Amino acid sequence: MALPKRNLGKNGPLINAIGFGTMSIGGAYSDPNGREANLALLDEAYRVGQWFWDTADIYRDSEETIGEWFARNPEKRKDIFLATKFALSYDMTTWQQFVSNDPEYIRKACASSLKKLQVDSIDLYYVHRIDPKVPIETTMKTLVELKNEGKIKHIGLSEASAATLRRAVAVHPVAAHQIEYSAFTLNPAEELLSVHRELGITTVAYSPIGRGFLTGQVKSMDDLQGFNKMVSRNNEENFKKILELVHKFEEVAKSHGAKPSQVAIAWLLAQGEDIIPIPGTKSANLCEQQLKQRYWKAAGILT
Ligand SMILES: NC(=O)c1ccc[n+]([C@@H]2O[C@H](COP(=O)([O-])OP(=O)(O)OC[C@H]3O[C@@H](n4cnc5c(N)ncnc54)[C@H](OP(=O)(O)O)[C@@H]3O)[C@@H](O)[C@H]2O)c1
């Protein structure tokens with residue numbers, strides 16, 4: 001089963017129109033699966049044609065799990081378009097976040113990701129967060145060196161400003177910019193989509209089903225788990241308004257005879273050929289749904 005493709009950046013390559021986010025498999029929103037269950041999930045993602053995988057060095061053991069999957073399935077490495085990210089680290093006791101784009105840090109992070117992923121090259125390497133202490137030109141120069149050494153193939157940024165994107169592309173093309181984008185979270189895209197288009201950068205839409213809210217399955221604050229408990233907008237005061245929006249969204253889905261998550265993806269795909277949503281799940285069942293039901297239904301909604 002092959003998914004429709006979309007171009008990454010100005011000059012390709014062609015990759016799946018919907019990616020597979022692997023943050024959930026590290027337990028971002030609920031208790032993580034065990035290693036074997038996650039390997040089975042990756043088997044399922046592969047089987048159903050979810051061949052664009054998005055991970056990061058801070059998604060707990062996601063990189064190691066993907067690495068183990070490649071070690072078990074070396075012949076399948078060529079089929080997977082593999083994206084990972086560097087720059088963020090956490091103090092696991094205080095949850096304080098650190099950002100580094102220091103060239104030495106980037107080189108070490110890349111070497112560590114290559115080792116954990118058990119691959120020779122990363123297809124798309126993202127700066128997960130911009131470090132204000134390091135000029136973006138220096139960061140890009142280091143990434144271009146890694147590209148020239150064959151360690152990465154394409155360069156991406158995440159949560160950068162329009163000004164940073166402009167300075168970055170003056171050094172080297174940026175294939176993709178990852179921003180939170182869904183019918184639930186509109187503001188970064190409102191400012192950035194036109195800049196992406198002007199600069200030939202693909203918009204990779206993270207949290208495309210609103211961190212699970214647009215599935216309609218979050219009904220009370222008690223349903224919030226993991227990261228959703230830490231997101232500041234999910235507070236008592238906002239929650240009633242959030243649920244009202246979700247209910248309205250569910251009505252739209254009903255009018256199409258679809259699930260809200262399907263409409264969430266359909267809506268994003270309809271915003272332009274240069275947008276690639278990367279929904280995440282830790283469930284093999286949902287993984288198949290993402291492809292069979294969500295995408296194809298989404299395509300049906302669009303026509
Ligand atoms: N660049 C960045 O800073 C950044 C930030 C956040 C995320 N990301 C990337 O974007 C990917 C997706 O974002 P996300 O995981 O935050 O949010 P998301 O895809 O909008 O939502 C994920 C949540 O929705 C649930 N879910 C997924 N499909 C479902 C379905 N059909 N029915 C019911 N529930 C469903 C998942 O549950 P289960 O987990 O229980 O399956 C999970 O709790 C991540 O995996 C990661 O790769 C990047």
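We use all heavy atoms of the structure for the numbers below, so side chains are in, but hydrogens, waters and symmetry mates are not. This structure is a prediction, so every number in the text was calculated from the model and none was measured.
Rounded to the nearest 0.5 Å, atoms CZ (R6) and CZ (F52) are 12.5 Å apart.
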(request) Check the pair F20 / W51 against ring-ring contact (aromatic ring centres under 6.0 Å, His included), numbers first and verdict last. (result) CA-CA 7 Å; F20 176 57; W51 288 4; over 10 Å; no
(request) Go through the steps for D57 and K85 under the test salt bridge (charged side-chain N to carboxylate O under 4.0 Å, His left out), then give the verdict. (result) CA-CA 6 Å; D57 58 0; K85 318 181 191 80; over 6 Å; no
(request) Test side chain to side chain contact (heavy atoms under 4.5 Å, CB included) on L82 and I66 and set out the steps. (result) CA-CA 10 Å; L82 180 64; I66 292 171; 4.2 Å; yes
(request) Carefully, step by step, assess F249 and W267 under the rule ring-ring contact (aromatic ring centres under 6.0 Å, His included). (result) CA-CA 11 Å; F249 198 80; W267 182 84; 8.3 Å; no
(request) Could you check R72 against E68 for salt bridge (charged side-chain N to carboxylate O under 4.0 Å, His left out), going step by step and ending with a plain yes or no? (result) CA-CA 6 Å; R72 290 187 189 186; E68 195 167 336; 3.0 Å; yes
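With sequence neighbours excluded, no residue forms a salt bridge (charged side-chain N to carboxylate O under 4.0 Å, His left out) with E191.
Closest approach of D79 to E75, counting heavy atoms only: OD2-O, 4.4 Å. For the pair I106 and Y125, the tightest heavy-atom approach, listed with the atom from each and the gap, is O-OH, 4.1 Å.
Electrostatic pairing of E244 and K241 does not count as a salt bridge here, judged by no charged N lying under 4.0 Å from a carboxylate O.
Residues I122 and L124 are members of separate hydrophobic clusters, defined by side-chain heavy-atom contacts under 4.5 angstrom among Ile, Leu, Val, Met, Phe, Trp and Tyr.
Counting heavy atoms from C-beta on, the side chains of E198 and S194 never come closer than 4.5 Å.
S62 places a side-chain N or O within 3.5 Å of a backbone atom of T22 that can act as its donor or acceptor partner.
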